[in-house]
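The structure appears right after this line, and notes come after that.
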Amino acid sequence: VTCTFLLDWRFSSYFPCRSRLIPRSRQSEWQKNNRSVITLANGTLQDSADGTNKGAGVLIQDSDALQIRNLVISDVITNGDGAAIAIVDSGVRMRGVNVTGARASRGGAVAVLNTHASSLVSALSNLVVINSSASECGSVYVDSSSVQIDYSSFDRSSATAGGGGFMCIMSSNVSVINSRISTSIAEANGGAMSIQSGSTMKLVRVELIENKAKTGDGGAIQCDSSLI
């Protein structure tokens with residue numbers, strides 16, 4: 001069963017829009033065997049703030065049945081991870097999402113966390129991120145997860161206090177394919193990417209343009225105890 005909802009919708013004025021599905025651990029056998037695929041599509045979300053939590057825009061937790069497409073998110077703020085979209089212990093398919101002016105502690109645009117335990121992979125396609133910032137991991141923060149990013153672009157991402165102007169990867173498997181990362185700035189290591197803690201990164205046809213680490217190593221990429 002496929003259910004599409006919130007068509008041509010708009011949220012504004014500092015109210016977080018959150019997507020929470022029933023955690024797999026609480027699903028009945030019928031629910032596990034008769035899953036619906038829920039699609040969040042064709043919407044605009046702006047000026048949303050969420051104090052210290054994750055996902056001021058959209059929070060996806062304990063789910064493997066969500067698709068996001070054709071979504072515009074702007075000026076969202078959180079003191080936690082993933083201001084625009086936070087994916088926690090979930091597998092999500094995302095296509096055609098535009099994020100502008102997102103700010104977080106880690107991962108201004110997107111945070112993907114703790115999906116290894118459930119063997120889920122999140123696929124992010126045609127993602128456009130502009131002017132995203134965080135204390136570290138300016139646009140994307142991936143921790144203990146598997147993620148594939150393709151046909152995407154990231155411009156003017158910044159890590160204002162730490163490393164990974166565009167992305168930080170911790171204990172994760174990540175592929176970036178046919179994408180462009182430009183003018184990212186990190187205060188510390190990894191102007192574009194900081195890859196750490198036994199991670200594996202696959203880069204295929206990726207443009208890295210004018211990225212900078214202000215005070216640390218790796219103007220484009222810093223890799224520590226990991227594989228590229």
Side-chain angles (χ1 to χ4, degrees), residues 11-14 16-17 44-59 68 71-88 94 97-113 122 124 126-143 145 147 149 152-170 172 174 176 179-196 201 206-222:
F11 270 96
S12 62
S13 302
Y14 286 88
C17 167
T44 299
L45 190 151
Q46 62 187 28
D47 298 329
S48 179
D50 185 14
T52 60
N53 216 321
K54 301 177 181 68
V58 179
L59 172 63
I68 301 174
L71 182 62
V72 176
I73 303 176
S74 62
D75 302 318
V76 288
I77 302 170
T78 181
N79 291 327
D81 301 331
I85 299 173
I87 301 167
V88 183
M94 188 163 68
V97 174
N98 290 8
V99 179
T100 304
R103 288 187 290 159
S105 176
R106 293 177 297 191
V110 179
V112 185
L113 311 171
S122 286
L124 318 181
N126 297 104
L127 175 63
V128 176
V129 178
I130 299 173
N131 196 28
S132 174
S133 65
S135 297
E136 52 185 350
C137 325
S139 282
V140 180
Y141 173 48
V142 183
D143 190 353
S145 298
V147 178
I149 300 172
S152 297
S153 66
F154 303 84
D155 186 42
R156 301 195 301 278
S157 302
S158 60
T160 58
F166 151 61
M167 171 188 279
C168 293
I169 305 167
M170 306 287 291
S172 296
V174 177
V176 182
S179 295
R180 172 188 168 114
I181 301 148
S182 60
T183 57
S184 296
I185 299 176
E187 188 65 33
N189 299 320
M193 303 180 193
S194 178
I195 305 167
Q196 303 179 39
M201 163 64 83
V206 175
E207 294 182 272
L208 297 167
I209 302 171
E210 296 183 7
N211 302 291
K212 179 181 179 181
K214 284 187 177 180
T215 60
D217 299 324
I221 299 173
Q222 180 238 355

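Since we're looking at a predicted model, the values are computed, not measured.
Rounding to the nearest 0.5 Å places SG of C137 at 9.5 Å from CE of M167. To the nearest 0.5 Å, the span separating CG on L124 from CD1 on I149 amounts to 5.0 Å. Atom OH of Y141 sits about 6.5 Å away from atom CG of L113, to the nearest 0.5 Å.
Of all non-hydrogen atoms in I181 and A192, the two that sit nearest each other are CG2-CB, 4.1 Å. Of all heavy-atom pairs spanning A83 and A102, the tightest one is CB-CB, 4.2 Å. Here the shortest heavy-atom pairing between G163 and A188 reads N-CB, 4.0 Å. Between A86 and G55, the shortest heavy-atom distance links the atoms CB-N, 3.5 Å. A pairwise comparison of heavy atoms in G80 and A104 identifies O-CB, 3.6 Å as the closest pair. Among all heavy-atom pairs drawn from A84 and V99, the shortest one is CB-CG1, 3.8 Å.
For the pair S153 (side chain) and V128 (backbone), a donor-acceptor distance under 3.5 Å is absent. Within the 3.5 Å criterion, the main-chain N or O of D217 finds a donor-acceptor partner in the side chain of N189. For N98 (side chain) and V72 (main-chain N/O), no donor-acceptor pair under 3.5 Å exists by modelled atom type. Side chain of S158 to backbone of T160: no donor-acceptor contact under 3.5 angstrom is found. Of the possible donor and acceptor atoms, one in the side chain of S132 sits under 3.5 Å from a partner among the backbone N and O of G138. A distance-only check finds a donor-acceptor pair linking the side chain of S179 to the backbone of S152 [under 3.5 Å]. For the pair S172 (side chain) and S145 (backbone), a donor-acceptor distance under 3.5 Å is present.
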Verify side-chain contact (heavy atoms from CB on, under 4.5 Å) between V129 and V110, making sure each step is shown before the conclusion.
-> CA-CA 10 Å; V129 178; V110 179; 5.8 Å; no
Could you check Q222 against Q196 for side-chain contact (heavy atoms from CB on, under 4.5 Å), going step by step and ending with a plain yes or no?
-> CA-CA 8 Å; Q222 180 238 355; Q196 303 179 39; 4.0 Å; yes
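A side-chain hydrogen bond (donor to acceptor under 3.5 Å, both in side chains) with T183 is found for exactly one of D155, N131, N211, namely D155.
Looking at heavy atoms from C-beta onward, R106 lies out of side-chain contact with D143 at the 4.5 angstrom threshold. Here the side chains of I185 and K214 are in contact, with some heavy-atom distance below 4.5 Å. Between S133 and R103 the shortest side-chain heavy-atom distance falls below 4.5 Å. V140 has its side chain out of reach of V147: every pair of non-hydrogen atoms, C-beta onward, lies at least 4.5 Å apart.
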